[in-house]
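Some notes on the structure that comes next.
Below, read A as the first sequence line, B as the second, and so on, with proteins coming before strands; counting in each chain starts at 1. Just so it is clear, the values below take in all heavy atoms, side chains as well, and ignore hydrogens, waters and symmetry mates.
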There are 4 protein chains.
Amino acid sequence: MTEAEERPRKRQARGERRIAQLLRAAASVFCAEGYTASSTNAIAREAGVSPGTLYQFFPNKEAIAVELGSRLVAEMEATHGRVFTVENALLPLDELIDAVADPFIEFNCANPAFLALIKGPDAPGKVAEGHDELHAALLTRLIELLAVREPDLHPDDRDQLAQMSFAMFKAGLDLVVQHEGEQREWYVREVKAMLYRYLEPHLGAGAVTRDTVPAP
Amino acid sequence: MTEAEERPRKRQARGERRIAQLLRAAASVFCAEGYTASSTNAIAREAGVSPGTLYQFFPNKEAIAVELGSRLVAEMEATHGRVFTVENALLPLDELIDAVADPFIEFNCANPAFLALIKGPDAPGKVAEGHDELHAALLTRLIELLAVREPDLHPDDRDQLAQMSFAMFKAGLDLVVQHEGEQREWYVREVKAMLYRYLEPHLGAGAVTRDTVPAP
Amino acid sequence: MTEAEERPRKRQARGERRIAQLLRAAASVFCAEGYTASSTNAIAREAGVSPGTLYQFFPNKEAIAVELGSRLVAEMEATHGRVFTVENALLPLDELIDAVADPFIEFNCANPAFLALIKGPDAPGKVAEGHDELHAALLTRLIELLAVREPDLHPDDRDQLAQMSFAMFKAGLDLVVQHEGEQREWYVREVKAMLYRYLEPHLGAGAVTRDTVPAP
Amino acid sequence: MTEAEERPRKRQARGERRIAQLLRAAASVFCAEGYTASSTNAIAREAGVSPGTLYQFFPNKEAIAVELGSRLVAEMEATHGRVFTVENALLPLDELIDAVADPFIEFNCANPAFLALIKGPDAPGKVAEGHDELHAALLTRLIELLAVREPDLHPDDRDQLAQMSFAMFKAGLDLVVQHEGEQREWYVREVKAMLYRYLEPHLGAGAVTRDTVPAP
DNA sequence: GATGAATGAGGATTCATTCAT
DNA sequence: TATGAATGAATCCTCATTCAT
């Protein structure tokens with residue numbers, strides 16, 4: 001039956017639209033108020049739907065953040081391609097930083113909700129409750145990238161180095177997003193410079209593997 | 001007139017104790033929940049007093065944060081002395097970083113509420129509402145320090161440089177506080193290294209004034 | 001677009017009932033406690049709903065009073081017809097007073113909340129904050145009626161005369177509502193008599209248009 | 001012992017000052033906020049004393065109102081003399097009205113708290129709870145005055161007439177107090193006119209006793 | 001007497017979530 | 001699906017009043 005096939009598709013189509021609408025609203029509210037201070041009612045209102053509708057698609061506030069996070073990641077990849085690739089990992093450091101930072105910066109300026117989510121609820125000890133998955137996911141990829149670039153690095157050091165770099169980058173990103181025009185450009189340059197200078201002794205300025213090939 | 005002088009502080013013995021108790025409780029709750037998610041009732045409960053008592057000393061949550069912030073600053077100064085001094089400003093960069101970062105790190109490890117306050121409510125655009133004074137105050141001092149060290153720097157650049165450095169340091173501090181033992185030590189070293197390498201091209205490795213004395 | 005039109009009122013059957021119920025409860029509480037001393041919780045309790053429900057329909061206490069006021073006016077008009085009409089304005093004074101006062105009296109005896117609202121919060125200087133709209137609306141109509149009856153009266157005098165009359169009538173109404181049976185009848189008569197005697201020199205006993213054209 | 005005699009006097013003197021101070025504050029707060037919305041803490045603050053001090057002299061909010069009321073009556077009498085006297089009762093009506101209304105008006109313009117108290121908490125049914133004693137006392141005196149002037153009047157009628165007159169006068173007084181300058185003058189005249197015209201048929205324009213002496 | 005601290009119930013209002021339609 | 005109604009605990013904050021000093 002055509003009906004049996006189309007019905008669910010229709011439903012899914014409408015549902016997909018609703019979800020997108022809700023996530024857009026959530027992004028906007030999270031940006032404006034911060035995650036903690038955002039209310040599901042406010043999100044529903046912003047989306048122009050009733051609270052009930054929101055809960056038809058998300059079991060709770062957290063789930064919205066989580067889904068928003070993963071969609072943003074997907075969207076960023078769709079726009080800028082994969083960023084934590086093996087090729088990038090082996091680039092000279094300055095190019096690596098460009099390759100990773102630029103897409104992030106560009107995407108975050110267009111979608112500041114990304115940052116709002118990564119920052120998360122502001123309790124030091126209250127990590128990893130669900131929507132910090134975004135944070136965790138990105139960190140994992142960064143760790144993997146480091147593992148590719150510096151296979152000999154002790155895992156603990158590698159993880160810590162990733163954490164440091166990520167933390168610095170997030171903080172810098174915040175400044176970038178908060179400013180505009182020339183100031184933003186300045187912060188972009190400085191963030192990259194900071195990363196380069198910080199990482200250079202750890203990773204070497206050139207790509208590790210190629211670097212070691214001595215000229216005859 | 002003794003009366004006129006004594007009026008404002010008669011039975012402040014008990015009151016002062018209560019205030020301290022409340023601020024201790026607030027620090028604890030802010031750390032555990034983050035500022036936004038902390039409720040005055042929770043603070044009162046933690047302090048073992050009724051909500052009404054809390055409001056006898058503070059008109060609202062903000063005021064608690066503000067007072068806590070200023071007390072922490074004072075306490076840090078009492079413990080570690082002034083940090084943004086002219087002498088420090090003119091130290092060789094590595095020593096300058098030690099002089100400024102070490103007290104902060106040490107104090108924040110002992111008083112993690114400090115960081116919770118500096119981070120503030122998590123909305124990007126919602127800055128400077130009162131308890132961000134703490135953030136602003138520290139930033140100002142850093143700016144002044146930079147002005148002493150690099151008088152020729154354009155004010156805009158100087159401010160942005162301060163903002164960058166402060167943001168990086170805060171982010172690093174967060175990592176430091178979140179870890180313990182050897183890991184914490186590692187982060188401390190890395191944060192300082194990061195600052196050094198980042199700032200060195202801007203500020204010069206040695207003190208500016210001395211640096212300019214060329215060897216014959 | 002059917003959707004666009006239906007949106008604002010979909011499930012308002014239950015809601016409308018709730019609103020009526022809440023306003024009934026509010027009327028009762030306002031009467032029993034006075035506006036200032038009435039709490040939204042008390043109103044919700046009286047209506048048998050939770051506080052949250054009340055706030056789904058009204059943003060605050062004021063709004064309840066305002067809505068109750070305008071509904072009472074509407075209800076009075078539905079029951080007794082318009083009272084401040086041009087025809088009434090031109091009636092002989094005694095008939096005018098009957099025409100205006102009787103419906104008010106009857107309606108207020110049945111709905112004493114009306115008076116509770118008109119009296120408003122009991123601060124001399126704190127007028128016109130929103131639910132005094134009821135008072136203002138009635139006063140305006142009275143002013144208009146006077147303008148019809150006495151077009152030559154100076155606007156200032158007219159307004160003051162309206163204010164006097166209204167104040168006297170309200171005070172009298174209070175007595176009427178507070179009593180019952182024969183006493184109430186007595187007060188009704190006296191209030192009307194008072195108004196007649198007070199207004200007669202101002203408005204003339206007969207209609208202004210001087211159908212009193214005397215015979216030669 | 002001198003001490004034994006002076007001590008209590010001193011105490012009483014200081015206490016009296018405190019009481020006066022508190023009542024002044026209460027008058028001010030009652031006027032500004034209305035009785036219901038006035039808080040004892042606000043009164044204490046306005047008086048510049050602690051809440052505890054207030055409760056050393058008054059057992060509760062009501063008591064403040066009661067005491068304030070009776071002091072205002074006393075003060076009015078001290079300023080304008082007794083007003084509900086037999087002589088006044090027997091004056092021609094216009095003079096009677098002047099004799100009673102003028103002091104009230106004058107005193108209320110200077111002490112608007114008087115009115116705030118007479119109006120009382122704004123619940124129709126919540127009368128006579130204590131600080132309505134002021135209202136009751138004045139009403140009683142008015143009743144007595146009527147009894148003197150019209151001994152033959154049926155007590156019920158007399159009481160009701162007093163109630164009517166008093167209600168009208170209060171309402172008029174409110175308008176008078178709320179206005180200033182020429183407008184106030186206008187309201188004063190109108191209130192008196194209203195009373196005269198209303199009462200004339202009831203009381204006779206001239207004094208009853210003298211009036212009845214027919215000229216030969 | 002005087003103070004300021006203390007209370008805890010109660011004020012208005014919001015919120016995440018559920019339910020009936 | 002979608003809605004709007006419903007909830008009740010939790011929010012911040014105030015109040016009349018009491019108590020220790």
Side-chain angles (χ1 to χ4, degrees), chain A residues 7 10-12 14-15 17-18 37-44 48-62 64, chain B residues 3 6-19 37-44 48-62, chain C residues 3 6-19 37-44 48-62 64, chain D residues 7 10-12 14-15 17-18 37-44 49-62 64:
Chain A
R7 268 282 175 79
K10 228 182 230 167
R11 264 180 207 157
Q12 281 172 5
R14 209 166 7 143
R17 244 181 296 135
R18 273 283 125 90
S38 297
S39 82
T40 54
N41 283 357
I43 294 171
V49 305
S50 69
T53 299
L54 184 154
Y55 279 89
Q56 214 125 33
F57 297 99
F58 301 100
N60 52 44
K61 199 163 75 156
E62 264 288 309
I64 302 177
Chain B
E3 216 197 305
E6 302 258 309
R7 263 284 171 83
R9 35 175 167 113
K10 194 139 194 200
R11 274 301 141 77
Q12 280 187 351
R14 195 152 87 257
E16 209 54 67
R17 245 180 294 137
R18 268 287 125 86
I19 288 178
S38 297
S39 83
T40 54
N41 281 2
I43 295 172
V49 303
S50 70
T53 298
L54 184 154
Y55 281 93
Q56 204 121 38
F57 299 101
F58 301 101
N60 51 45
K61 200 165 71 158
E62 264 288 306
Chain C
E3 216 198 307
E6 302 258 310
R7 264 284 172 84
R9 35 173 166 113
K10 194 142 193 198
R11 273 301 140 76
Q12 280 189 350
R14 194 149 89 259
E16 208 53 68
R17 245 180 295 135
R18 269 287 123 86
I19 289 178
S38 297
S39 83
T40 53
N41 282 0
I43 294 172
V49 303
S50 71
T53 298
L54 184 153
Y55 281 90
Q56 204 120 36
F57 299 100
F58 301 99
N60 52 45
K61 199 164 72 157
E62 264 288 306
I64 303 177
Chain D
R7 268 282 176 81
K10 229 184 230 169
R11 264 181 207 158
Q12 280 173 5
R14 205 166 14 140
R17 245 183 295 134
R18 273 283 127 92
S38 297
S39 82
T40 53
N41 282 357
I43 295 171
V49 303
S50 69
T53 300
L54 184 154
Y55 279 89
Q56 215 125 31
F57 297 99
F58 302 100
N60 52 43
K61 197 163 77 157
E62 263 290 305
I64 303 176

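Atom-to-atom, CZ of F57(B) to P of dG4(E) comes out at 11 Å; the value is rounded to the nearest Å. When rounded to the nearest whole Å, the span between NZ of K61(A) and P of dA16(E) equals 5 Å. Following rounding to the nearest Å, N41(A) (CG) and dT13(E) (P) show an atom-to-atom distance of 17 Å. In this structure, N60(C) atom CG and dC12(F) atom P are separated by 20 Å, rounded to whole Å. What separates CD of Q56(C) from P of dT7(F) is a distance of 10 Å, to the nearest Å. F58(A) places its CZ atom 19 Å from the C1' atom of dC15(E), with the value rounded to the nearest Å. If you measure from atom CG of L54(D) to atom P of dG4(E), you get 14 Å, rounded to the nearest angstrom. In this entry the distance linking OH of Y55(C) with C1' of dA16(E) reads 18 Å, nearest Å.
Pair assignment for dC15(E): dG8(F), on the basis of Watson-Crick or G-U wobble contacts that are both within less than 3.5 Å.
Checking dT3(E), dC13(F), dA16(E) against the side-chain heavy atoms of T53(D) singles out dT3(E) as nearest. Side-chain atoms of P51(D) lie closest to dA5(E) of the nucleotides dA5(E), dT7(F), dG8(F).
Taking only side-chain nitrogens and oxygens, S50(C) never comes nearer than 4.0 Å to OP1 or OP2 of dG8(F). For the OP1/OP2 pair of dA16(E) and a distance below 4.0 Å, the side-chain nitrogens and oxygens of S39(A) include at least one atom meeting the criterion. For the pair T40(D) and dC15(F), the criterion of a side-chain N or O lying under 4.0 Å from OP1 or OP2 is not met. Remark: R18(A) is in phosphate contact with dA2(F), judged by side-chain N or O atoms under 4.0 Å from OP1 or OP2.
One distance of note links CZ of F58(C) with OG1 of T53(C); it measures 12.0 Å at 0.5 Å rounding. We find the OG1-CG distance between T40(D) and N60(D) to be 9.5 Å, quoted to the nearest 0.5 Å. To the nearest 0.5 Å, atoms CZ (F57(C)) and CD (E16(C)) are separated by 8.5 Å. The structure places CD of Q56(C) at 10.5 Å from CD1 of I19(C), a figure rounded to the nearest 0.5 Å. Atom CG of L54(A) and atom CD1 of I43(A) lie 6.5 Å apart (nearest 0.5 Å).
Between S38(C) and G48(B), the one whose closest nucleotide on DNA chain E sits nearer the 5' end is G48(B).
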